[in-house]
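What follows is a single structure, written as structure tokens, with notes after it.
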Amino acid sequence: MPGARMPDRGPDPGPDRGQPRQEAILSLDARMPDAIAQAAEELGVRKASYDTATLFVLAILAGAFIALGGMIATVVMSGAEGMMPFGVTKLLGGLVFSLGLVLVIVGGAQLFTGDALMVMAWASGRLTARQMMRVWTLVWIGNFVGALGTALLVFLSGQYGFGHGAVGAQAMYIATAKSGLPTGQAFFLGILCNVLVCLAVWLALGARSVTDKILAITLPVSAFVAAGFEHCVANMYFIPLGLLIERGAPDAFWADIGHRFPPIDVAHYLVNLAAVTAGNWIGGALLVGAVYWFIYRRPRAHH
């Protein structure tokens, strides 16, 4: 109506005027590598702040999650010998083994191999060596407890007898092959393994959605399994399960598969586990964490 006064809505700021909106804007774009480096550093600081009980239980979960990935990989590769090419069988096993790291990253848990990236926070002076070693030690032990407990549950379930013993035969093949590796070879296979695992964690830190995280994790993890590299936490499941089957499976199981495997040398397994752990640390902490810290987080002189 003429002369009617419209409600005062304030000045129209226009598209280029006024202050930006204060609400957070959700971005689905992946983080750039420098932002991933900062996120990895922040995550390392946060992990070091966990109390002992929380850290240990999260580590037990991670050991169990990796063991579950190992369990399903064993099933998928069972009975495949002579039916599919070696590489294809290993690739399929790697794809499903990715479940373990997906559960760790998306579900939330503490994994020794991924925690190697904490070296970035230490290098930036935000963690002491003692804080970092506390996390690594507690997490390694907790991972062993979780993986060992899962191996015991899988054995007690009798799942190794499925497929007329094919699952158990594959579990025994994996355990004897891994435990019998020369120690030097196990060490270098461990280095290569954790380069890929930590790159999977690195890519997942760059992802914004659960779907992105899963896709980022799957290819590097599939690659390390298909290539036959050595992961200390996976070996905390595979070899103990083989030992349980070797010493506790009934005669009917051995009759089903028709043969026995060479005995697992526990002492050599423990030496190899130490070698793989050291290799995993070098691959993750030095070849991934330290390299990316040097590129993106080291102090630079301003000109």
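Side-chain atoms are counted along with the backbone in the values below, which use heavy atoms only and exclude waters and symmetry mates.
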**Study point:** Separation between CE of M77 and OG1 of T89, rounded to the nearest 0.5 Å
**Key:** 8.5 Å
Review point. Do E42 and R126 sit within salt-bridge range, that is, some charged N less than 4.0 Å from a carboxylate O?
Key: yes
**Study point:** Cluster link L101 to L215, ILVMFWY, side chain under 4.5 Å
**Key:** no
Review point. Where is the tightest heavy-atom contact between T54 and D51, given as atom of each residue plus distance?
Key: OG1-OD2, 2.8 Å
Review point. Where do A147 and V233 come nearest, in terms of heavy atoms and distance?
Key: CB-O, 4.0 Å
**Study point:** Whether R260 side chain and W254 backbone form a donor-acceptor pair below 3.5 Å
**Key:** no
Check your understanding: Angle class for the F224/F97 ring planes (parallel below 30°, perpendicular above 60°, tilted otherwise)?
Key -> perpendicular
Review point. Do L138 and I141 belong to the same hydrophobic cluster, where Ile, Leu, Val, Met, Phe, Trp and Tyr are linked whenever their side-chain heavy atoms lie under 4.5 Å apart, directly or via other members?
Key: yes
Check your understanding: Does a side-chain heavy-atom distance below 4.5 Å link T183 with H268?
Key -> yes
**Study point:** Shared hydrophobic cluster for F162 and I174 (ILVMFWY, side-chain gaps under 4.5 Å)
**Key:** yes
Review point. Roughly how far, to the nearest 0.5 Å, is the CD1 atom of I191 from the CD1 atom of I282?
Key: 4.5 Å
Check your understanding: When you look at M236 and I66, which way does the side chain to side chain contact (heavy atoms under 4.5 Å, CB included) test go after all the steps?
Key -> CA-CA 9 Å; M236 294 171 184; I66 295 299; over 6 Å; no
Exercise for review: State, with a plain yes or no, whether a side-chain heavy atom of W136 is found less than 4.5 Å away from one of M132.
Suggested key: yes
Practice item. Mark yes or no for whether R298, through its side chain, and F294, through its backbone, hold a donor-acceptor pair below 3.5 Å. Key: yes
**Study point:** Criterion side chain to side chain contact (heavy atoms under 4.5 Å, CB included) on Y237 and M71, from CA distance to verdict
**Key:** CA-CA 9 Å; Y237 166 77; M71 179 275 299; 3.5 Å; yes
Check your understanding: At their closest point, which heavy atom of P262 faces which heavy atom of E246, and how far apart are they?
Key -> O-OE2, 3.8 Å
Exercise for review: Classify the angle between the aromatic ring planes of Y292 and W202 as parallel (below 30°), tilted (30 to 60°) or perpendicular (above 60°).
Suggested key: parallel
Review point. Between CG of L99 and CD1 of I214, what distance do you get to the nearest 0.5 Å?
Key: 9.5 Å
Point to revise | Close side-chain approach of F144 and C232, heavy atoms under 4.5 Å | key: no
Point to revise | Shortest non-hydrogen separation from N143 to Q110 and the atoms involved | key: ND2-O, 3.0 Å
Practice item. Starting from the C-alpha separation in whole Å, work towards a yes-or-no answer on side chain to side chain contact (heavy atoms under 4.5 Å, CB included) for S179 and N272. Key: CA-CA 7 Å; S179 63; N272 271 13; 6.0 Å; no
Check your understanding: What about F253 and F155, same hydrophobic cluster or not, with Ile/Leu/Val/Met/Phe/Trp/Tyr joined at side-chain heavy-atom distances under 4.5 Å?
Key -> yes
Check your understanding: Do V135 and Y50 come within less than 4.5 Å of each other through their side chains, counting heavy atoms only?
Key -> no
**Study point:** Gap separating the OG1 atom of T176 from the CG atom of L181, nearest 0.5 angstrom
**Key:** 10.0 Å
**Study point:** 4.5 Å side-chain heavy-atom contact, V197 and N194
**Key:** yes
Practice item. State yes or no: do V271 and V266 share one hydrophobic cluster built from I, L, V, M, F, W and Y residues joined by side-chain heavy-atom distances below 4.5 Å, directly or via other members? Key: no
Review point. When you measure from the side chain of S124 to the backbone N and O of A121, does any donor-acceptor pair fall under 3.5 Å?
Key: no
Check your understanding: CG/L117 to CG/L43 distance, rounded to the nearest 0.5 angstrom?
Key -> 8.5 Å
Exercise for review: Provide the closest heavy-atom pair for A166 versus G79 in the form atom of the first, atom of the second, distance.
Suggested key: CB-N, 4.5 Å
Review point. Side chains of V288 and L199: closer than 4.5 Å at any heavy-atom pair?
Key: yes
Review point. Do L111 and H231 come close enough that some side-chain heavy atom pair is under 4.5 Å?
Key: yes
Exercise for review: Decide side chain to side chain contact (heavy atoms under 4.5 Å, CB included) for F65 and T150; before the verdict, give the C-alpha distance in whole Å, the side-chain angles of both, and the deciding distance to 0.1 Å.
Suggested key: CA-CA 9 Å; F65 291 162; T150 306; over 6 Å; no
Practice item. Would you check if the side chain of Y269 reaches a backbone N or O of A175 as a donor-acceptor pair within less than 3.5 Å? Key: no
Review point. Considering the options F261, F238, Y160, which one meets the side-chain contact (heavy atoms from CB on, under 4.5 Å) requirement together with M172?
Key: F261
Review point. Should I217 and L203 count as side-chain neighbours, where that means a heavy-atom distance under 4.5 Å?
Key: no
Check your understanding: Which distance, rounded to the nearest 0.5 Å, do you find between the CZ of R31 and the CG of L205?
Key -> 7.0 Å
Revision key, fill the gap. Tightest non-hydrogen contact, residues L241 and A151, listed as CD1-O, 3.7 Å
Practice item. Report yes or no: does T137 contribute a side-chain atom to a donor-acceptor pair with the main-chain N or O of R134 at less than 3.5 Å? Key: no
